[in-house]
Amino acid sequence: MDKKFYITTPIFYPNANLHLGHAYVTTLCDVIARYHRLVGDKTYFLTGSDENAQTVIQGAIKAGEDIHAFRDRMVEGFAALFKRLDISYDQFIRTSDEQMHWPGAKRLWEKMAAAGDIYKKEYEGLYCVGHEAFITEKELVDGKCPDHGTVPERTKEENYFFRLSKYTAPIKSKIESDELEILPQSRKNEILALLDEGLQDVSFSRPKAKVPVGIPVPGDDSQVMYVWCDALSNYITALGYGRDDALYKEFWPADVHVIGKDILRFHAAIWPGMLLSAGVPLPKRLLVHGLIRSGGKKMSKTLGNVIDPQELLEEYGTDALRYYLARHISPFEDGDITREHFKEVYNADLANGLGNLASRIMQLAQMHLSEGTRPEAVGFPKEYTEPLEQFEVNKAVEYVWQCIAALDHKITETQPFKVVKENPEQGKKIILELTQELYIIGRMLNPFMPATNEAIKKAVVENKKPENLFPRKD
RNA sequence: AGCGGGGUGGAGCAGUAGUAGCUCGUCAGGCUCAUAACCUGAAGGUCGCAGGUGCAAAUCCUGCCCCCGCAACCA
């Protein structure tokens, strides 16, 4: 296979530490990216941070830090978590990066302006700082913003607008025809329903006085770009759009943008509209995942059901967390995680399942085989590749665990531990087969559990029983 | 209000018309290479409720109830 594959995560606000939801989407992307590398696709995996937002500025103020220092510190934290999660991203784009990001964002704006789709409009209304947007009278509760509990300011603002309304029909047709494919189907239906109502033009800039760190609007230094052109553009600027086209030519359009359902409309309406306006090809696919809840409820500090990825990483390790996220959280629907369920799954699937299987096979191998083995490379079964091509990561993992169960069963059936005493040659033959099958299982784990894949490979090749891969937890 | 997702044995899920399935947990038996693990078997469900269509419904239609999310530090 000699295809290219470009995958992106959303970009994250460096205003607080990343939580399990961020860990999930990033891990999901990593699994998909590693799979594509495994089957030989030329893969590019992008992640990054959305730094020019009001909420980030507020975070810095709250922390009493300089905005630049604050963002750098938060982004370092992102990198540390991603490293711990074994995220194999090729690039981390920061929208504050004037060299990497800004030229492309400006180029995109200019293209849209040249198409006649950017216009200036004066707007007077109630501005909520928390929203970083105008809100309507109707939305107010006791004269305050219901979300932020603050009294909005009546201000007059001159903004640039993007003529998104013009693109309702073309966007709809691209989505209906799956030229821009939206997965799962339910999300596609949802966005088509929205498109039926027609899209409104969207505000595309803010006065620089209000958002001091944004990207200047080309030809108007008094305004900075609002989030759409500022942030969504990262998917192409990272590749060098407007700067150096080599990667861009190779990898755009994206094969998949992985996003949460909360940001679906931005990616399925505004972003395609922008690209259509600028004459840039649309991404091929949006993979819209759900939310991770805990105990059936959204995680929130108030409810006290937040689970920090760091906590799980420390207690169970990187691959255990990756395993849980890949197997037990659906890529398409809301998922659930509790400490109790995590432990149950860890013990059942990893300690008793995979870990124990590796121990029993390698114990036999170490005792009875004189040297390690390395099975010939074979293709992957379709029960494994087909789900992965469709991003059904959980189904692919389930298949691997079926293989694990089958191998446990095979040991019971063939009784190599007994046979080897009565007929050493026959026993060794069985044991050799078992180690080779274990190796193949390890290889299939590569996208989900890269370190475990390595550990199993090493054990088989060196004919040495590994340390407990996943010690039981009580 | 509106929009979206969901309600299947103790837990988590699969199953869009034709004998209700998987994993975990529980119980009994087996095995001994292994991390008190592994294998086999069993118990356990009127598939949210009420109607309707069909020879046949978890699965289609109608109404209702309940949970979750869409607004908050938030993918």
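Every chain is numbered from 1 and lettered A, B, ... according to where its sequence line falls, protein lines coming before strand lines. Being a predicted model, the structure only gives us computed values, none of them experimental.
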Ring centres under 6.0 Å, that's the criterion: do [X] and [Y] meet it?
| X | Y | result |
| --- | --- | --- |
| Phe266(A) | Trp228(A) | yes |
| Tyr44(A) | Phe251(A) | yes |
| Tyr316(A) | Tyr346(A) | yes |
| Tyr324(A) | His341(A) | yes |

In whole angstrom, give the distance that lies between atom [atom1] of [X] and atom [atom2] of [N].
| X | N | atom1 | atom2 | result |
| --- | --- | --- | --- | --- |
| Leu354(A) | rA34(B) | CG | P | 18 Å |
| Gln402(A) | rC13(B) | CD | P | 19 Å |
| Asp349(A) | rG25(B) | CG | C1' | 13 Å |
| Lys421(A) | rC31(B) | NZ | P | 14 Å |
| Tyr346(A) | rA37(B) | OH | P | 13 Å |
| Lys62(A) | rC73(B) | NZ | C1' | 7 Å |
| Asn394(A) | rU23(B) | CG | P | 16 Å |
| Phe70(A) | rC73(B) | CZ | P | 13 Å |

Nearest-angstrom distance, [atom1] atom, [N] to [M]:
| N | M | atom1 | value |
| --- | --- | --- | --- |
| rC47(B) | rU16(B) | C1' | 13 Å |
| rG25(B) | rU40(B) | P | 14 Å |
| rG51(B) | rA14(B) | P | 28 Å |
| rC67(B) | rU26(B) | P | 32 Å |
| rC38(B) | rC74(B) | P | 42 Å |
| rG15(B) | rC66(B) | P | 27 Å |
| rA71(B) | rA75(B) | P | 12 Å |
| rU23(B) | rC65(B) | P | 38 Å |

### Query
Can you check rG9(B) for me, syn or anti if syn means within 90° of 0?
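Anti conformation for rG9(B).
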Mind checking [X] for me? I need base, sugar-phosphate or nothing, with any heavy atom below 4.0 Å counting as a touch.
| X | value |
| --- | --- |
| Gly21(A) | base |
| Asn468(A) | base |
| Ile259(A) | sugar-phosphate |
| Ser359(A) | base |
| His19(A) | base |
| Asn347(A) | nothing |
| Asn356(A) | base |
| Ile431(A) | nothing |
| Ala351(A) | base |
| His289(A) | base |
| Lys395(A) | nothing |

Give a yes/no on whether any side-chain N or O of [X] is located under 4.0 angstrom from OP1 or OP2 of [N].
| X | N | value |
| --- | --- | --- |
| Arg360(A) | rA37(B) | no |
| Lys465(A) | rU35(B) | yes |
| His409(A) | rU40(B) | yes |

### Task
Would you please classify the geometry between the Trp401(A) ring and the Tyr323(A) ring as parallel, tilted or perpendicular, with 30° and 60° separating the classes?
tilted
### Task
Can you label the angle between the Phe12(A) ring and the His22(A) ring as parallel, tilted or perpendicular, going by 30° and 60°?
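If you compare the ring of Phe12(A) with that of His22(A), the planes turn out perpendicular.
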### Task
Answer yes or no: is there a side-chain heavy-atom contact under 4.5 Å between Asp319(A) and Phe448(A)?
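In short, these two side chains do not touch, never coming nearer than 4.5 Å.
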Who pairs with [N] - Watson-Crick or G-U, where each distance is under 3.5 Å:
| N | answer |
| --- | --- |
| rA42(B) | rU26(B) |
| rA34(B) | none |
| rA56(B) | none |
| rC64(B) | rG48(B) |
| rG21(B) | rC13(B) |

### Message
Need to verify one output field. Residue with the more 5' nearest nucleotide on RNA chain B, Glu413(A) or Leu469(A)?
### Response
Leu469(A)
### Task
By nearest nucleotide on RNA chain B, pick out whichever of Ile404(A) and Leu350(A) is the more 5' one.
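Looking at RNA chain B, the more 5' nearest nucleotide goes with Leu350(A).
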### Message
Is it true that Ser330(A) and Asn394(A) share a donor-acceptor pair across their side chains at a distance under 3.5 Å?
### Response
no
Which nucleotide, [options], lies nearest any side-chain atom of [X]?
| X | options | answer |
| --- | --- | --- |
| Asn15(A) | rU32(B), rC73(B), rC24(B) | rC73(B) |
| Arg472(A) | rA75(B), rG4(B), rU35(B) | rU35(B) |
| Asp408(A) | rC24(B), rA34(B), rC38(B) | rC38(B) |

### Query
Should Arg71(A) and Asn15(A) be marked as a side chain to side chain donor-acceptor pair (under 3.5 Å) after you check the CA-CA gap, both sets of side-chain angles, and the distance that decides it?
CA-CA 8 Å; Arg71(A) 294 191 299 200; Asn15(A) 63 346; over 6 Å; no
